[in-house]
Amino acid sequence: MTEGLDWIERSGARAKGRRPAFFDEPAVDRLYSLTLALASELSATRERLDTVERLLEAGGSLRREDVEAYAPDRATGQERGEATRAYIARIMRGFQQEVEAMEHPDPPIMDVVEALTRP
């Protein structure tokens with residue numbers, strides 16, 4: 001089904017329609033897009049490294065075919081899923097903090113000053 005596809009060409013294909021804009025500055029959108037793409041690649045690399053480590057632990061050596069053919073069991077899948085969720089939470093923490101700040105804004109500084117200066 002996917003045999004014969006040029007994956008490099010496909011990865012560079014443009015989506016139809018306008019690219020969504022989340023920030024006023026287009027360069028910021030591109031920077032976040034690039035950052036999330038790199039995070040995705042690192043996540044895949046971490047999974048592949050986990051496969052290599054598990055295969056080495058189990059057999060002491062491995063071949064590329066062993067890595068390609070590896071299928072994690074349920075426990076390994078759950079462990080990887082939890083590690084991926086923690087990884088994404090660390091990456092997205094800055095965004096989460098912004099959302100939290102919008103939901104629960106700090107009081108104006110003068111309110112704090114007045115509260116501290118009351119007898």
Side-chain angles (χ1 to χ4, degrees):
M1 181 172 180
T2 59
E3 199 168 313
L5 283 178
D6 184 345
W7 291 105
I8 295 173
E9 181 183 331
R10 295 287 305 143
S11 69
R14 288 190 58 179
K16 294 179 180 167
R18 291 179 46 118
R19 185 176 191 87
F22 302 99
F23 300 95
D24 294 334
E25 179 61 43
V28 174
D29 278 325
R30 287 192 298 273
L31 181 61
Y32 278 113
S33 178
L34 178 132
T35 302
L36 292 175
L38 287 172
S40 175
E41 291 294 327
L42 180 56
S43 180
T45 300
R46 291 168 57 120
E47 241 183 54
R48 190 165 179 91
L49 177 59
D50 179 70
T51 295
V52 168
E53 290 171 347
R54 289 174 189 275
L55 289 170
L56 284 173
E57 229 174 43
S61 66
L62 61 116
R63 297 170 302 141
R64 182 179 302 266
E65 300 85 43
D66 297 333
V67 176
E68 298 297 335
Y70 180 78
D73 59 20
R74 180 179 293 272
T76 300
Q78 289 174 337
E79 187 179 320
R80 284 181 173 183
E82 186 61 34
T84 299
R85 283 188 291 281
Y87 172 67
I88 291 170
R90 288 190 305 273
I91 290 171
M92 300 303 289
R93 183 64 189 140
F95 289 111
Q96 183 62 36
Q97 288 172 338
E98 288 294 322
V99 169
E100 290 168 1
M102 287 187 288
E103 290 173 346
H104 307 285
D106 291 332
I109 190 68
M110 291 314 293
D111 291 353
V112 175
V113 170
E114 286 178 23
L116 292 174
T117 57
R118 281 191 215 130

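- Crowding of Glu9 atom CD: a count of heavy atoms from other residues, nucleotides or ligands under 6.0 Å not exceeding 12.
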Give the C-alpha distance, both sets of side-chain angles, the deciding distance and a yes or no for salt bridge (Lys or Arg N to Asp or Glu O under 4.0 Å) between Glu68 and Arg48. CA-CA 9 Å; Glu68 298 297 335; Arg48 190 165 179 91; 2.7 Å; yes
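- No side-chain heavy atom of Leu34 sits less than 4.5 Å from a side-chain heavy atom of Arg30.
- With values rounded to the nearest 0.5 angstrom, Ile91 atom CD1 is found 9.5 Å from Thr35 atom OG1.
- Criterion: ILVMFWY side-chain heavy atoms under 4.5 Å apart, direct or through other members. Under it, Val28 and Met92 are part of a common hydrophobic cluster.
- For Gly77 against Pro72, the heavy-atom pair with the smallest separation is N-CB, 4.2 Å.
- Side-chain atoms of Ser40 never come within 3.5 Å of backbone atoms of Leu36 as a donor-acceptor pair (strictly under, hydrogens ignored).
- Here the shortest heavy-atom pairing between Val52 and Leu62 reads O-CD2, 3.9 Å.
- Taking CZ of Arg46 as the start and CG of Leu42 as the end, the distance is 6.0 Å to the nearest 0.5 Å.
- Rounding to the nearest 0.5 Å places CZ of Arg63 at 4.5 Å from CG of Asp66.
- Annotation: Asp24, atom CG; neighbour count of heavy atoms from other residues, nucleotides and ligands within 6.0 Å does not exceed 12.
- Electrostatic pairing of Arg93 and Glu100 counts as a salt bridge here, judged by a charged N lying under 4.0 Å from a carboxylate O.
- Here the straight-line distance linking atom CG of Leu56 with atom OG1 of Thr51 works out to 11.0 Å at 0.5 Å rounding.
- When atom types are taken as modelled, the side chain of Thr45 and the backbone of Glu41 share a donor-acceptor pair closer than 3.5 angstrom.
- Checked by atom type and distance alone, the side chain of Ser43 never pairs as donor or acceptor with a backbone atom of Ala39 at under 3.5 Å.
- Met102 is not connected to Phe95 by any chain of hydrophobic side-chain contacts under 4.5 Å among Ile, Leu, Val, Met, Phe, Trp and Tyr, and they are in different clusters.
- A salt bridge does not link Arg54 with Glu57: every distance from a Lys NZ or Arg NE/NH1/NH2 to an Asp or Glu carboxylate oxygen is 4.0 Å or more.
- Other residues, nucleotides and ligands contribute only 12 or fewer heavy atoms inside 6.0 Å of the CZ atom of Arg74.
- Tyr87 contributes atom OH, which lies 11.5 Å from atom CD of Glu47 (distance to the nearest 0.5 angstrom).
- For Arg90, the CZ atom counts as densely surrounded, since its 6.0 Å shell holds more than 12 non-hydrogen atoms of other residues, nucleotides or ligands.
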